[in-house]
Amino acid sequence: MPRIKPAKSARPAKSAQPKWRRRPEHRPQQIIEAALEVFGECGLANARLQDIAERAGVSKGTIYLYFPNKEELFREMIRQTAVAKIERAEQGLTQGTPTAQLLAFMRAYWAFVRSPAFITIYRLVLGELHQFPDLAKFYAIEVVARGQKLIGGIIGRGIDAGEFREIDPMIAARMLVALTVMNGIWRDEHTGVPLLAHKSDEQVFNELAEFYLHSISALGGACAQADGAPPDAVSFIPINND
């Protein structure tokens, strides 16, 4: 009689693997990323630290280890996003002509304006910061004034070098910010007024940069175009055909 082999025992089910957690030194960044998402969904006034903690995968008490309140968490979120971009530009825009420096800044600023982080910050600044005077003052000093000082410095150097026409550098800086932000909003399909959604980011940036650099240039390109010269009579924008 043939021997019956014993049935193979079923393999024990693999125990559920614990979710990957960031190291403690990474938790502040983890919390800030969660805050950016929750602020974007709920707004600053309605966002709760408990919601942010759940999104970050930490306890509410863990947040208090790093941030004393929601307002300080907002400040650090701004420092990690908008202020960090300004600091990098302050340190990195030291090479080349003022025109090249300004173009490099414009491209980096356009990329930031087209990022999800900026869209959230923009909505919070316009819609809610009037309810938080201290945060509004913080944003005005650390982001708006500091950014305009950076742009104004580049433009001032361009005036001294004869590359840009005589113009108040701070007015020129303010106009650049306004043009960039509004073009970014019109480019976004989710703003309700996607006037430029049919164009690519690169197309809109080239239009923006060409227009702005012509408007402050000390060269004759802008005047020549006003007199009927073809739009490619003078071009400041290097075209990448790759």
Side-chain angles (χ1 to χ4, degrees), residues 16-90 107-148 150 177-178 180-197 201 204:
Q17 295 295 322
K19 290 184 177 180
W20 178 82
R21 293 179 179 273
R22 295 189 181 184
R23 297 172 62 87
E25 61 268 26
H26 295 157
R27 283 181 188 151
Q29 184 62 34
Q30 183 178 357
I31 294 168
I32 289 168
E33 291 171 0
L36 183 62
E37 294 178 3
V38 174
F39 287 154
E41 295 169 7
C42 304
L44 184 57
N46 293 328
R48 303 183 309 160
L49 288 180
Q50 182 62 42
D51 297 330
I52 295 171
E54 291 175 0
R55 185 70 59 91
V58 300
S59 68
K60 184 177 178 181
T62 300
I63 293 182
Y64 286 117
L65 294 176
Y66 304 100
F67 308 102
N69 50 50
K70 183 170 61 176
E71 287 73 17
E72 185 55 35
L73 181 52
F74 173 83
R75 288 188 181 92
E76 190 59 28
M77 182 191 77
I78 295 299
R79 293 187 189 106
Q80 296 267 341
T81 53
V83 176
K85 299 288 186 184
I86 295 171
E87 288 177 345
R88 281 196 287 272
E90 289 172 339
R107 186 172 288 281
Y109 185 45
W110 174 249
F112 177 58
V113 165
R114 294 292 297 125
S115 72
F118 176 83
I119 297 301
T120 293
I121 293 170
Y122 181 79
R123 287 201 300 262
L124 294 175
V125 169
L126 257 62
E128 295 196 67
L129 278 203
H130 64 278
Q131 303 176 51
F132 302 87
D134 289 344
L135 295 184
K137 183 178 180 181
F138 164 81
Y139 188 85
I141 293 172
E142 295 296 327
V143 179
V144 179
R146 189 170 175 180
Q148 291 198 357
L150 169 63
V177 171
T180 306
V181 170
M182 290 311 301
N183 275 273
I185 291 171
W186 289 334
R187 172 74 185 88
D188 197 314
E189 297 180 0
H190 307 292
T191 59
V193 284
L195 302 180
L196 300 175
D201 275 359
V204 177

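Only a predicted model underlies this, so the values are computations on that prediction, with no experimental measurement involved.
Between His130 and Gly127 the shortest heavy-atom distance is CE1-O, 3.0 Å. Residues Val38 and Ala47 come closest through the heavy atom pair CG1-CB, 3.8 Å. Nearest heavy atom pair, residue Leu129 against residue Ala136, reads O-CB, 3.7 Å.
In this structure, the side chain of Trp186 does not engage the main chain of Ala197 through any donor-acceptor pair within 3.5 Å. The backbone N or O of Met77 lies less than 3.5 Å from a partner atom in the side chain of Thr81, making a donor-acceptor pair. At least one donor-acceptor pair under 3.5 Å links the side chain of Lys70 to the backbone N or O of Leu44. With hydrogens and angles ignored, the 3.5 Å screen pairs a side-chain donor or acceptor of Glu128 with a backbone N or O of Ala45.
The shortest distance between side-chain heavy atoms of Trp110 and Asn183 falls below 4.5 Å. Residues Asp134 and Arg75 form a side-chain contact, since some pair of their non-hydrogen atoms from C-beta on lies under 4.5 Å apart. Contact annotation: the side chain of Tyr109 approaches that of Val181 to within less than 4.5 Å [non-hydrogen atoms, C-beta and beyond]. Under the 4.5 Å side-chain criterion, counting only non-hydrogen atoms from C-beta, Tyr66 is not in contact with Leu73. Counting only heavy atoms from C-beta outward, the side chains of Val143 and Phe138 never approach each other to under 4.5 Å. Between Asp188 and Arg114, some side-chain heavy-atom pair lies under the 4.5 Å cut-off. The side-chain heavy atoms of Tyr64 and Leu49, taken from C-beta on, include a pair separated by under 4.5 Å.
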Item to complete: Go through the steps to decide whether Arg48 and Glu54 satisfy the test salt bridge (Lys or Arg N to Asp or Glu O under 4.0 Å), and finish with yes or no.
Response: CA-CA 10 Å; Arg48 303 183 309 160; Glu54 291 175 0; 5.5 Å; no
Worksheet item: Yes or no on salt bridge (Lys or Arg N to Asp or Glu O under 4.0 Å) for Glu142 and Lys137, after CA distance, side-chain angles and deciding distance?
Response: CA-CA 8 Å; Glu142 295 296 327; Lys137 183 178 180 181; over 6 Å; no
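A salt bridge links Glu90 and Arg146; the closest N-O separation between the charged side-chain nitrogens and carboxylate oxygens is under 4.0 Å.
Within the model, atoms CZ of Phe67 and OG1 of Thr62 stand 11.5 Å from one another, a figure rounded to the nearest 0.5 Å. Gln148 CD to Ile86 CD1: the interatomic distance, rounded to the nearest 0.5 Å, is 10.0 Å.
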